[in-house]
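Computed over heavy atoms, backbone and side chain alike; hydrogens, waters and symmetry mates excluded. Residue numbers begin at 1 in each chain, while the letters A, B, ... track the order of the sequences.
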2 protein chains.
Amino acid sequence: MDAQSIKVACSSCNLRELCLPMGLNVEEMDKMDNVISSRRRIKRGTALFSTGEKFTSLYAVRSGFFKTCVTTADGRDQVTGFQMTGEILGMDGIVNDLHSCDAVALEDAEVCVMPFDQIEELSREFTTLQHHVHKIMSREIVRDHSVMLLLGSMRAEERLAAFLLNLVQRLHARGFSQSELILRMTREEIGSYLGMKLETVSRTFSKFVEDGIIDVKQRYVHIKDTDGLRRIVNPQTCG
Amino acid sequence: MDAQSIKVACSSCNLRELCLPMGLNVEEMDKMDNVISSRRRIKRGTALFSTGEKFTSLYAVRSGFFKTCVTTADGRDQVTGFQMTGEILGMDGIVNDLHSCDAVALEDAEVCVMPFDQIEELSREFTTLQHHVHKIMSREIVRDHSVMLLLGSMRAEERLAAFLLNLVQRLHARGFSQSELILRMTREEIGSYLGMKLETVSRTFSKFVEDGIIDVKQRYVHIKDTDGLRRIVNPQTCG
DNA sequence: CGTAGTCTTGAATTTTGTCAACAGTAGTGG
DNA sequence: CCACTACTGTTGACAAAATTCAAGACTACG
């Protein structure tokens, strides 16, 4: 077991308002601290969990950046999401007690381990936590639906614009810039997530640069014209 | 309120092993009967719920067939799923207390109304129900991921083949034929779900017919060669 | 029986993918 | 610390896939 256990407390975590314990009172937070008994460090490029592994816990991203991806029998691969600080990983495993995707760290990361049986136990006791668990799963469902919309009905430019807007919005919610970001994933991973080839991702970036909407230097992106991106995603409503 | 209330009991429902009360004991089932106090009939073409409506309940499909779809500001539309008997609708609404998609009946249908606050209350009492609620939400997440895989990495023929296999498998689990089905949705709705235009759906059906894999007459489909369909979805593994 | 909706098919066009060459970057080990 | 190497990213030319537009046939419903 390479899992490194570190005793930590939700109650003193600066992410608690983004994370699972959101909205808990002092008593509830205390109990939560007992449930979240360990953290685990994940090195860049390695998996937090993999397809077929037994499901035991949900994980809250404490630091770092993850991708989740599903793989078919014939080796096809699809990135289903990118997860950053405060986001929850592992809900795919509940239904069959097995994980149905891989969660891979795109940079050195740390997660809080939340044994699911204890989450269930505690959420029978505290309505707030119970409801929050439901909300987090529902949020994942709604998010997935918006990815389906993107994959099913948008063209390459629209997809990439929507992707950038989504990333920068989530980063901004975590105190980062609204206009600058460092991509933690390759063009190929972006392409997999957006249902396009890496060459198309690269070309589309180049087009946005030509049009003066963004600057790109490798993983660094500067959004010069947020409304320009919005217009690409939503041609009608933004004129 | 056009909702027609009919007193019914899970305990005497022939769908209980597919549906939310799966695996409950007699006592639990009794309490469940109190929660699911009404059914509602939905006419073909009308919505069980719509985007923006207040979320109050989950719904179990008792009879009939639904689609769910999300819509963008600029009128783009994406079918996110088709739901048949025993499947649960409405989980999209939990996170914001508002529905984020439309659920439209594709034929006259009937659903069991399950007020969510009562589901939560009961699932604090019964571990079995609590866990089953979690499983149902997790199953939806896993299902959504497989749709992303389909939309992100498959070509038109593969998508349609996967779609047909999935439909017939779910119908078979409900006692219908493994090889014959009646589509309840239009080519346009199939296309929206699969991220392709209705003409492409039509052409792909025609190709499958030419290749002797299926017979199609409008909404009626006869699968003559299930393995042929499997080979289309999974070129490598099925040789 | 008529009409609106649904489905099929063809031809031209657009979009994206494929293949290939090359350039830039980061990490490794001497 | 530098050079090597593997990985990542860009761009061009061409090919393949899917969309668009259009015409017409079929079906089901009132």
Side-chain angles (χ1 to χ4, degrees), chain A residues 43-46 65 67 76-79 104-108 150-164 181-211 214-222 232 235, chain B residues 43-46 67 76-79 104 106-108 150-164 182-211 214-221 232 235:
Chain A
K43 281 216 195 69
R44 177 185 170 170
T46 64
F65 201 93
K67 69 170 175 181
R76 229 186 303 235
D77 200 85
Q78 173 74 24
V79 173
V104 177
L106 296 181
E107 54 183 5
D108 290 357
L150 180 146
L151 290 171
S153 75
M154 292 186 182
R155 293 179 310 99
E157 286 184 31
E158 301 171 322
R159 294 181 198 191
L160 190 63
F163 171 72
L164 288 173
L181 66 157
I182 306 285
L183 300 170
R184 305 263 105 113
M185 68 296 277
T186 66
R187 302 290 189 261
E188 186 168 20
E189 287 161 337
I190 297 173
S192 171
Y193 182 60
L194 299 179
M196 51 209 247
K197 295 292 157 185
L198 68 94
E199 294 94 331
T200 309
V201 175
S202 184
R203 273 184 246 277
T204 309
F205 269 126
S206 300
K207 170 137 196 324
F208 287 174
V209 172
E210 273 172 46
D211 294 352
I214 62 174
D215 284 335
V216 178
K217 190 166 188 190
Q218 301 287 125
R219 304 284 179 98
Y220 166 85
V221 178
H222 175 205
I232 290 170
Chain B
K43 281 217 197 68
R44 176 183 170 174
T46 64
K67 70 170 175 181
R76 229 186 304 235
D77 200 85
Q78 173 76 24
V79 172
V104 176
L106 296 180
E107 54 182 6
D108 290 357
L150 180 146
L151 290 171
S153 76
M154 292 186 182
R155 294 180 310 99
E157 286 183 32
E158 300 171 321
R159 292 180 200 191
L160 191 63
F163 171 72
L164 287 174
I182 305 286
L183 301 169
R184 305 262 102 114
M185 68 295 279
T186 66
R187 302 289 190 263
E188 187 168 19
E189 286 161 339
I190 296 172
S192 171
Y193 181 61
L194 298 179
M196 52 209 247
K197 295 293 157 185
L198 68 94
E199 294 94 330
T200 309
V201 175
S202 183
R203 273 184 246 275
T204 309
F205 269 126
S206 300
K207 170 139 197 322
F208 287 174
V209 172
E210 273 171 47
D211 295 351
I214 62 174
D215 284 334
V216 178
K217 189 165 190 193
Q218 301 287 125
R219 304 283 179 99
Y220 166 85
V221 178
I232 291 170

Task: Note, B:Leu164 side chain near B:Phe205 side chain (heavy atom, < 4.5 Å) - done: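 In contact.
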Open item on the list: So A:Leu160 and A:Leu194, do their side chains get closer than 4.5 Å, heavy atoms only?
Closed with: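 Side chain of A:Leu194 against side chain of A:Leu160, heavy atoms only: contact under 4.5 Å found.
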Open item on the list: Enumerate the salt bridge (Lys or Arg N to Asp or Glu O under 4.0 Å) contacts for residues 194-210 of chain B, please, sequence neighbours excluded, ordered by first and then second residue.
Closed with: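 For residues 194-210 of chain B, and leaving out neighbouring residues, the salt bridge (Lys or Arg N to Asp or Glu O under 4.0 Å) pairs sorted by first residue read B:Glu157-B:Lys207, B:Lys207-B:Asp211.
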Excluding sequence neighbours, so at least two apart, what forms side-chain contact (heavy atoms from CB on, under 4.5 Å) with [X]?
X: A:Arg155; result: A:Glu158
X: A:Arg44; result: A:Asp108
X: B:Ala161; result: B:Phe208, B:Leu229, B:Ile232, B:Val233

Task: CD1 on A:Ile182 to NZ on A:Lys217, rounded to 0.5 Å - done: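 The CD1 atom of A:Ile182 is 11.5 Å from NZ of A:Lys217, to the nearest 0.5 Å.
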Open item on the list: Return the CZ to CG distance between A:Arg219 and A:Leu181, rounded to the nearest 0.5 Å.
Closed with: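 Those atoms lie 12.0 Å apart.
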- [ ] Answer with base, sugar-phosphate or nothing: what part of the nucleic acid does B:Arg159 contact at a heavy-atom distance below 4.0 Å?
- [x]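 Touches nothing.
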Write down the protein N/O and nucleotide N/O pairs, taken from nucleotides 3-6 of chain D, whose separation is under 3.5 Å; answer none if there are no such pairs.
none

TODO: Quick one: list whatever passes side chain to side chain donor-acceptor pair (under 3.5 Å) with B:Glu107, sequence neighbours left out.
DONE: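 Side chain to side chain donor-acceptor pair (under 3.5 Å) check on B:Glu107 returns B:Arg184.
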Open item on the list: I'd like to check the side chain to side chain donor-acceptor pair (under 3.5 Å) partners of B:Glu188; sequence neighbours left out, ordered by chain and number.
Closed with: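 Expected list: none.
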Open item on the list: Please report the end-to-end axis angle for the helix from C:dC1-D:dG30 to C:dG30-D:dC1, five pairs per end, rounded to 10 degrees.
Closed with: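 Between the axes fitted at each end of the helix from C:dC1-D:dG30 to C:dG30-D:dC1 lies an angle of 50°.
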- [ ] Quick one, give me the B/S/- string for nucleotides 24-30 of chain D, reading 5' to 3', where B means a protein heavy atom under 4.0 Å from the base and S means that only happens at the primed atoms, P, OP1 or OP2.
- [x] ---S---
TODO: Take nucleotides 17-23 of chain C nucleotide by nucleotide from the 5' end and write B, S or -, depending on whether a protein heavy atom sits under 4.0 Å from the base, only from the sugar-phosphate, or from neither.
DONE: SBB----
[N] [atom2] sits how many Å from [X] [atom1], rounded?
X: B:Tyr220; N: C:dC7; atom1: OH; atom2: C1'; value: 18 Å
X: B:Leu106; N: C:dG5; atom1: CG; atom2: P; value: 17 Å
X: A:Asp215; N: D:dG9; atom1: CG; atom2: P; value: 18 Å
X: A:Leu198; N: D:dT8; atom1: CG; atom2: P; value: 10 Å
X: A:Lys207; N: C:dT14; atom1: NZ; atom2: P; value: 15 Å

- [ ] Taking only the side-chain heavy atoms of B:Ser202 (C-beta and beyond), determine which of C:dC7, C:dT16, D:dT11 contains the nearest atom.
- [x]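 Taking heavy atoms from C-beta onward, the closest nucleotide is C:dC7.
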TODO: Within residues 183-191 of chain A, find the residues that approach DNA chain C with a heavy atom at under 4.0 Å, and present them sorted by residue number.
DONE: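 Those residues: none at all.
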Task: Contacts of type salt bridge (charged side-chain N to carboxylate O under 4.0 Å, His left out), residue B:Asp215, not counting sequence neighbours - done: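 Once residues adjacent in sequence are excluded, the partners of B:Asp215 under the salt bridge (charged side-chain N to carboxylate O under 4.0 Å, His left out) criterion are B:Lys224.
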